[in-house]
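All remarks here apply to the structure that follows.
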Amino acid sequence: MCKAAYLHVPFCQDICAYCDFFRCRYHVGLAEKWLAAMAKELTIKKLSPLTTMYIGGGTPSALQPHQLETLLSLLVPYTKEVNEYTIEANVESLTDEKLDICQRYGVNRISLGVQSLQPSLLNQMHRHHTSEDVLACIKRIHAHGIHNISIDMIYGLPKQSLAMWEEDLHTIVSSFPIQHISLYGLTIEPHSEFGRQGIQNIDEDIEADMYDLAITLLQQYGFQQYEISNFAKPKYASLHNQVYWRYEDFYGIGCGASGKDKRGRYENTRNLETYLQQGASSVYEKLDTKAQMFEMIMMSLRMKQGISRQAFFERFGKDISEVYGSIIEKQKEKGLLLVDEEKIWASERGFHLLNDVLVEFLGDDEAHG
Ligand code: SF4
């Protein structure tokens with residue numbers, strides 16, 4: 001039974017130059033129709049009670065206050081028992097009125113799209129906040145009783161130097177009262193504005209230096225790396241995102257969302273017109289046991305805590321060593337995996353070479369007969 005849900009809000013006020021996500025420009029009338037379609041989808045799906053709810057996008061805070069309230073009220077029957085209720089927001093659109101609504105409906109975590117604090121880079125991305133705006137927004141979130149705040153930061157932007165990145169991270173860890181940071185290494189996608197302008201990805205070595213610098217600096221300031229790209233103060237690791245990495249099931253709600261159950265995964269239509277007229281129109285991809293086992297390993301090894309033997313057994317009725325014993329042993333001898341009675345996890349070196357580790361698991365055809 002799913003206990004987690006991701007709901008996708010496809011609207012944004014402005015379109016960022018690097019963006020290749022499923023989103024469209026906010027339009028009040030379109031958002032009203034989308035809400036009506038969302039209400040229908042929720043009636044049909046009949047969700048079970050949730051322990052984590054994540055409203056992402058797009059930019060959920062782009063909705064007008066009454067639309068945000070309608071959306072959250074539609075979710076009340078399923079969110080009464082949630083431990084973690086996250087909504088993504090951007091600094092400009094997260095007004096006090098919207099924060100009041102979030103607080104009233106039990107939202108207890110805000111994920112802010114900050115990306116950078118450098119004026120020249122923000123301008124290049126078409127983002128409009130300043131460092132002062134971000135700090136003021138974080139303080140307003142706390143003032144509304146929401147004390148679990150995550151921010152997204154991007155590295156590998158065109159014209160971003162290592163010094164700029166270091167300065168941003170320093171400002172964040174030393175002056176912003178936040179509990180969680182997600183890092184995104186930029187890949188320039190052909191359909192983004194950057195891609196259409198022919199802008200190239202920055203040098204791989206500089207990008208790797210940026211990532212290494214972030215790990216060192218964030219850890220010095222008490223942010224523990226618990227997943228390849230995610231860092232949190234103690235007890236603030238995202239409960240919802242761990243559902244994905246532990247390969248647990250989750251609902252995908254809304255146009256462009258995807259979900260997963262025991263048999264495979266599904267993707268709702270990414271065509272807004274289709275969604276408004278015909279609902280989620282999901283396409284289902286069934287996954288065989290072999291594919292699911294590999295996906296569970298691939299996702300779980302992204303976490304510092306690795307894969308739980310018990311969770312693997314509960315999911316597949318087999319001990320992980322029975323299926324992948326020789327590979328695990330080989331990777332252990334190479335110093336890439338560590339093993340104890342409860343779990344299997346990547347060493348520091350294995351974490352850096354995770355793709356190489358995973359290729360070994362992918363190539364294991366014999367184990368599954
Ligand atoms: S990056 Fe986020 S905020 Fe920017 S356009 Fe894409 S979905 Fe919207």
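In each ligand, atom 1 is the first atom listed, and ligand 1 is the first ligand listed. We use all heavy atoms of the structure for the numbers below, so side chains are in, but hydrogens, waters and symmetry mates are not. From a predicted model like this one, the values you see are computed outputs, not experimental measurements.
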**Request:** Measure the acute angle between the ring planes of Tyr244 and His240, then classify it against the limits of 30° and 60° as parallel, tilted or perpendicular.
**Result:** perpendicular
**Message:** Could you work out, with ring pair (Phe, Tyr, Trp, His ring centres under 6.0 Å) as the rule, every residue matching Tyr155, not counting sequence neighbours?
**Reply:** Trp165
**Item:** Co-members of the apolar cluster containing Leu157 [side chain, <4.5 Å]
**Value:** Tyr18, Leu121, Leu122, Met125, Ile154, Met164, Tyr184, Leu186, Ile188, Phe194, Ile199
**Message:** Regarding Arg265 and Asp249, does a basic nitrogen lie under 4.0 Å from an acidic carboxylate oxygen?
**Reply:** no
**Enumerated ligand 1 atoms positioned under 4.0 Å from heavy atoms of Tyr18** = 1 (S)
**Complete:** Within the 2.8 Å cut-off the protein N, O or S neighbours of atom 8 (Fe) of ligand 1 are Cys12 SG
**Asked** Any heavy atom of Arg127 sitting closer than 4.0 Å to ligand 1?
**Response** yes
**Request:** Kindly state each residue pair satisfying salt bridge (charged side-chain N to carboxylate O under 4.0 Å, His left out) with at least one member in residues 15-29, sequence neighbours excluded.
**Result:** Asp14-Arg25
**Asked** Any chance the side chains of Asn230 and Ser238 put a donor and an acceptor closer than 3.5 Å?
**Response** no
**Request:** State, to 0.1 Å, how close Leu68 and Pro60 come at their nearest heavy-atom pair, and which atoms those are.
**Result:** CD1-O, 4.5 Å
